Amino acid sequence: MQRSILLPVATRYLMPILLVFSIFLLIRGHNEVGGGFVGGLVASSALMLYGIAISPEDLRKLLPISPERLVSTGLLIALISGLISVFAGKPFMTGLWLNTEIPVIGKIGTPMLFDIGVYLLVVGIVVWILLTFAEE
């Protein structure tokens, strides 16, 4: 079977654009439609496009950490975001925000930290599942 020449070339241009868009969705989801889940799906789609166009082995080499560690890191960050409110004397998963605003992003708080955890979890689990399928 002959491989496409166009797909690997297009992927090298599309992947960074999709990853930046996923970060935009992550940050925008804090106040608007989007968030960690949607941003994670876009990021994992970009990574899987690379895996299909180039190879699953090259995708594994490209990732700085394994998908399994992304999943566990995402779960840990999401758990910590809920525990912060407990340590502040509030119910679990109560939203807490810093008083200062960061330009472009806005107020930073535990909901944003939760979204980051969900983002990493979704990227990790989708890439993990699809790489497992690609190996079989």
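None of these values were measured; they are calculated from a predicted model.
You'll find the side chain of Ile125 reaches within 4.5 Å of the side chain of Ile129, heavy atoms only. The side-chain heavy atoms of Val127 and Arg60, taken from C-beta on, include no pair separated by under 4.5 Å. No side-chain heavy atom of Asp115 sits less than 4.5 Å from a side-chain heavy atom of Pro111. Contact annotation: the side chain of Met93 never approaches that of Val86 to less than 4.5 Å [non-hydrogen atoms, C-beta and beyond]. Considering only heavy atoms from C-beta on, Leu59 stays 4.5 Å or farther from Ile52 through its side chain. Between Leu18 and Ser45, the closest side-chain pair of non-hydrogen atoms is not below 4.5 Å.
The main-chain N or O of Pro91 is found under 3.5 Å from a side-chain atom of Ser85 such that the two form a donor-acceptor pair.
Atom CG of Leu41 and atom CG of Leu25 lie 10.0 Å apart (nearest 0.5 Å). Taking CG from Leu47 and OG from Ser22, the interatomic distance works out to 8.5 Å, rounded to the nearest 0.5 Å. Considering CD1 of Ile17 and CZ of Phe24, their distance stands at 14.5 Å, rounded to 0.5 Å. In this structure, OH in Tyr50 is found 14.0 Å from CG in Leu14, a value given to the nearest 0.5 Å. Between the CD1 atom of Ile116 and the OG1 atom of Thr73 there is a distance of 12.5 Å, given to the nearest 0.5 Å.
Among the candidates Leu75, Leu76, Ile77, the single residue satisfying the side-chain contact (heavy atoms from CB on, under 4.5 Å) test with Leu121 is Leu75. A side-chain contact (heavy atoms from CB on, under 4.5 Å) with Lys90 holds for exactly one of Ile84, Leu96, Thr110; it is Leu96.
The two atoms that bring Val122 and Gly40 nearest to each other are CG1-C, 3.6 Å, heavy atoms only.
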